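In what follows, chains are A, B, ... by sequence order, proteins preceding strands, each numbered from 1. Predicted model, so just to flag it, every value in this text is computed and none were measured.
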Number of protein chains: 2
Amino acid sequence: MNTNQNPSPSNLRNIGLKATAPRLKILDFFYQNPGAHYSAEEVFMALAQEDREIGLATVYRVLTQFEQAGLLLRSHFESSKGDSRAIYELNEGQHHDHLVCLDCGHVEEFVDEAIEKRQKDIAKTLGFTLQEHALAMYGHCQKKNCRNKLKPD
Amino acid sequence: MNTNQNPSPSNLRNIGLKATAPRLKILDFFYQNPGAHYSAEEVFMALAQEDREIGLATVYRVLTQFEQAGLLLRSHFESSKGDSRAIYELNEGQHHDHLVCLDCGHVEEFVDEAIEKRQKDIAKTLGFTLQEHALAMYGHCQKKNCRNKLKPD
DNA sequence: TTTATTGCAAAACCTTTGCATGTAT
DNA sequence: ATACATGCAAAGGTTTTGCAATAAA
């Protein structure tokens, strides 16, 4: 399913970052959970049971660096319920948008060429040079284990 | 252009809120600026030169109440530059999405039935009951007075 | 009068930053 | 050795909340 090779020190050196333990652990965490979405706090918690804990500030710094390097993607899912944290996922190359379950937090990813094209046309019509876009839909999924306000995904 | 009648005490009583001066002023402010987008801070500032100033906490409370009553719409424009404030606009009935200029903050609104329809189809395909969605595109506009980091719009 | 609303200050969140210590190269 | 990274605690920005004072119904 996931075609990414596991992270190694060179993954980091290639983007001008020293291969430190916190960075390798965080990157590895995302590689082990491709397609999953995590807030900084969640990454922090997930790695908190390690022998050598990583500071929350470091998690924030590393996530920012990884996003700037294109390793991770950052989104903000803000339905009317207003969840204001940034969430990160592994950048697997393919652009996609999100469909988020308001009950359990499950996230489906999708790509739709028709929507992508319409967006470009609209931007052109309105005289904009399009740079990026964020489309998130919110609804209720029908997973059996839904309704429990679980995190990841 | 704007077919909304000016706000009156009954506008508020109809939604179960007492017609207080802060609420009337804030609602009036949005009626006077249909199509414009303001953060709580901006509303606060805009009304700060009045004889009787409105507290920022009240602005937040009132904006929340108005949004819940359907009078205002709330959005979050978060490009990679990460502006993390909520912004509000008058709800003029017609659903629309946003195209935001990264340079001057100007906001164009648009509706696209093709995109709306695709979204519904996608949600259905993925087994979701669609509730809401947020589409924001970010780019560079070509207004003459762009490039100045001005607010409203 | 009764109940809702305001303003202020304090707190709550999420995120960033200063700085001294520690680590990769 | 040198430059960069970390951890902690403090600070920043936005939004919410407790509470006594105030205003609407």
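Using a 4.0 Å heavy-atom cutoff across all strands shown, A:A21 reaches no nucleic acid atom at all.
Taking the six-membered ring for Trp and thresholds of 30 and 60 degrees, B:Y138 and B:F77 have ring planes more than 60 degrees apart, a perpendicular arrangement. Ring orientation note: the planes of A:Y38 and A:F30 are nearly perpendicular, at an angle over 60° on the 30°/60° scale.
Between A:E42 atom CD and C:dC14 atom P the separation is 10 Å, expressed in whole Å. Spacing between atom CG of A:L17 and atom P of C:dT23 amounts to 19 Å, rounded to whole angstrom units. Distance NZ (B:K25) to P (C:dT5): 17 Å, rounded to an integer number of Å. With rounding to whole Å, A:E67 atom CD is found 15 Å from C:dT16 atom C1'. Distance, A:R23 CZ to C:dT25 C1': 13 Å, rounded to whole Å.
Remark: B:Q119 CD to B:K124 NZ distance equals 15.5 Å, nearest 0.5 Å.
Between the side chain of A:K18 and the base of C:dT23, no donor-acceptor pair under 3.5 Å is found.
Side-chain contact check for B:L73 versus B:H96: some heavy-atom pair is nearer than 4.5 Å.
Place B:A19 and B:E41 on DNA chain D by their nearest nucleotides, and B:E41 ends up nearer the 5' end.
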Working note: A:H140 + A:H106, criterion ring-ring contact (aromatic ring centres under 6.0 Å, His included); need CA distance, chi angles, decisive distance, verdict. CA-CA 9 Å; A:H140 304 282; A:H106 173 71; over 10 Å; no

Can you list the steps and then say if B:L56 with B:E41 is a side chain to side chain contact (heavy atoms under 4.5 Å, CB included)? CA-CA 7 Å; B:L56 183 55; B:E41 182 76 28; 3.9 Å; yes

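The aromatic ring centres of A:H98 and A:H76 sit 6.0 Å or more apart.
With hydrophobic clusters built from ILVMFWY side chains whose heavy atoms lie under 4.5 angstrom apart, B:V111 does not share a cluster with B:I122.
Chain A approaches DNA chain D within less than 4.0 angstrom (heavy atoms of the protein), and the contacting nucleotides run 5' to 3' from D:dA3 to D:dA9.
In terms of modelled atom types and a separation under 3.5 Å, the side chain of B:D112 and the main chain of B:I115 share a donor-acceptor contact.
Non-hydrogen atoms lying under 4.0 Å from DNA chain D are contributed by B:A57, B:Y60, B:R61, all within residues 50-62 of chain B.
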